[in-house]
Amino acid sequence: MKRDGICRNLLAAFAALACFHLAAQEKSRDVRWEASFKETYSCKATGRDVAFAVRTPPKIEGREKYPLVVVLKGGPRVNPSADLPFFEIKPAGGGIWGYRSMSAVDAMQAIAFMKRNYPIDPDRISLAGSSAGGSGAMHLASLHPHEFSCVVPLVAAGNDYPLTSFQNLPVAFHHGDRDWTSAICDARVQFQKMKAAGCPVILQEYPGAGHSIPRPHEPITKWMLEQERHPVQPDPKPIDFLEGAAWNLYRGDPMIVVYGTGGGHPERLKHLRAAAEKLARCGGPHSGFMNHTRFPVVADSDLTPEQEATANLLLVGAEEENSVAKRMLSKWPVGFEIGHLTAGDRQRLPMRDQVLSLGLTHPEHPDRFVYLVAPHLEDLSGFA
């Protein structure tokens with residue numbers, strides 16, 4: 001028994017040593033210092049590889065961790081240097097202008113990748129953005145106030161976020177007083193509201209400047225690098241339906257089109273899938289939105305729990321055809337009875353020869369949006 005115990009201890013010691021060695025290997029990742037290049041992570045929501053831009057500082061002897069500056073669309077035009085040493089990333093976006101071509105999911109996955117693989121100081125992760133990217137920076141920070149040391153919106157303020165998220169998160173608005181695209185009055189109003197709420201906020205106005213911030217930008221970057229994440233952040237106000245699930249559909253958050261396979265009629269299945277493929281090419285509220293790619297399409301039986309948790313869903317098929325829609329309807333305040341749509345005590349609506357379009361929050365993931373397109377048609381040949 002004693003020999004067995006010794007063997008077990010030796011095995012445990014070797015296992016611990018192996019884990020330590022693997023951890024050391026991960027932390028000793030080769031860093032390309034003072035360089036600009038692309039990194040890639042695997043998107044949890046879509047399963048696709050996503051590239052994003054990285055800039056690194058020169059290596060400073062004796063320094064173990066560096067600040068990370070996250071830029072949405074545009075930020076201070078400053079290169080990392082020995083005087084201002086920081087890593088910079090630009091999360092992926094494309095298809096249309098600004099933050100609305102990326103999402104909070106994209107940005108947070110890129111940040112997580114950097115924290116895993118580079119010597120990043122988790123208490124000095126700052127967020128900046130210009131124009132729509134500035135509004136996006138405020139939106140992203142409001143969703144994840146515990147992640148960032150400060151936020152710097154340039155020529156944008158936004159107004160779709162709970163102020164309670166910024167009670168311990170410094171914000172520095174920079175705005176030209178002749179901005180023809182994003183009026184300075186919006187920045188002034190948001191500044192006044194945040195100041196009245198006790199938030200640590202700054203508004204720097206630039207007389208005569210338009211929709212850009214005149215250089216030099218080094219003072220802005222220096223201020224960002226000096227900020228440190230507050231050790232205790234208040235829990236942000238729960239985001240309601242309009243500000244959360246529905247709104248993020250237009251912020252570029254990942255969406256998956258899910259078609260039903262349970263109808264038992266091969267011809268209907270063919271048309272439902274064709275409709276899903278067509279919807280997958282229509283990436284948003286106007287022509288050209290996210291036209292660089294298409295939304296992924298999966299069968300209801302192939303949808304994974306991880307996809308449900310991280311992506312909005314567009315469900316195609318009536319409740320008897322789409323198992324995901326059927327499950328959702330059992331938890332939504334609407335239902336079906338003998339071909340009629342029901343909603344509490346309201347008058348029942350006949351669905352025969354109708355196509356139901358219905359959008360609600362995901363019952364298990366309140367920050368996710370679900371949109372149902374349910375054709376109650378005998379002939380689906382013209383549906384797609």
Side-chain angles (χ1 to χ4, degrees), residues 53 69-79 84 88-91 93-104 106-107 126-143 145 148-163 165-166 169-227 242-243 247-248 250-252 284-286 288-290:
V69 175
V70 182
V71 175
L72 304 184
K73 186 178 183 249
R77 296 183 178 181
V78 176
N79 293 323
L84 295 172
E88 181 191 83
I89 62 169
K90 293 183 178 180
I96 65 166
W97 57 278
Y99 175 69
R100 290 180 177 83
S101 62
M102 68 178 77
S103 72
D106 292 319
S126 53
L127 182 60
S130 177
S131 191
S135 300
M138 293 297 290
H139 175 75
L140 177 61
S142 73
L143 296 176
F148 301 105
S149 59
C150 65
V151 189
V152 177
L154 307 178
V155 296
N159 53 23
D160 60 326
Y161 42 79
L163 297 185
S165 294
F166 298 93
L169 181 58
V171 177
F173 294 114
H174 291 262
H175 219 108
D177 67 357
R178 295 292 183 267
D179 193 332
W180 59 88
T181 300
S182 177
I184 194 170
C185 59
D186 186 28
R188 288 170 176 166
V189 168
Q190 289 303 97
F191 168 73
Q192 292 166 3
K193 288 167 60 178
M194 296 180 74
K195 189 174 181 180
C199 304
V201 60
I202 299 169
L203 171 58
Q204 176 66 54
E205 296 189 15
Y206 296 80
H211 196 57
S212 63
I213 300 301
R215 296 186 183 185
H217 293 170
E218 280 77 9
I220 300 175
T221 301
K222 184 175 183 295
W223 179 87
M224 293 171 67
L225 301 184
E226 289 172 349
Q227 306 309 305
L242 289 178
E243 291 179 335
W247 188 246
N248 70 26
Y250 295 96
R251 289 286 181 159
H286 61 77
F289 182 86
M290 289 181 71

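Below, all heavy atoms of this structure are taken into account, side chains as well, without hydrogens, waters or symmetry copies.
Separation of atoms CD (E205) and CD1 (I213) is listed at 10.0 Å; rounding is to 0.5 Å. Taken to the nearest 0.5 Å, the CD1 atom of I184 stands 12.5 Å off from the NE2 atom of H211. Rounding to the nearest 0.5 Å places CD of Q227 at 13.5 Å from CG of L127. Here the CG atom belonging to L225 is positioned 11.0 Å from the CD atom belonging to E218, to the nearest 0.5 angstrom. Of the inter-residue distances, the one linking S131 atom OG with L72 atom CG reads 12.0 Å to the nearest 0.5 angstrom. Taken from SG in C199 to CD in Q190, the straight-line distance is 10.5 Å, to the nearest 0.5 Å.
Taking every heavy atom of both residues into account, A156 and S182 meet most closely at CA-OG, 3.7 Å. Heavy atoms only, all atoms of each residue included: L154 and P76 are closest at CD1-N, 3.8 Å. Scanning both residues, A209 and P214, for their nearest heavy atoms gives CB-CD, 3.9 Å. In this structure, H139 and Y161 approach most closely via the heavy-atom pair N-CD2, 4.4 Å. For A128 against M224, the heavy-atom pair with the smallest separation is CB-CE, 3.8 Å.
Side-chain atoms of Q192 and K195 form no donor-acceptor pair, as typed in the model, at a separation below 3.5 Å.
The side-chain contact (heavy atoms from CB on, under 4.5 Å) search around A172 returns V152, H174, I202, W223, not counting sequence neighbours.
Counting heavy atoms from C-beta on, the side chains of S142 and F166 come closer than 4.5 Å. The closest side-chain heavy-atom distance from H175 to D186 is not below 4.5 Å.
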From CA spacing to verdict: side chain to side chain contact (heavy atoms under 4.5 Å, CB included), V155, S212 = CA-CA 6 Å; V155 296; S212 63; 5.5 Å; no
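In this structure a side-chain-to-backbone donor-acceptor pair under 3.5 Å is present from H217 to R77.
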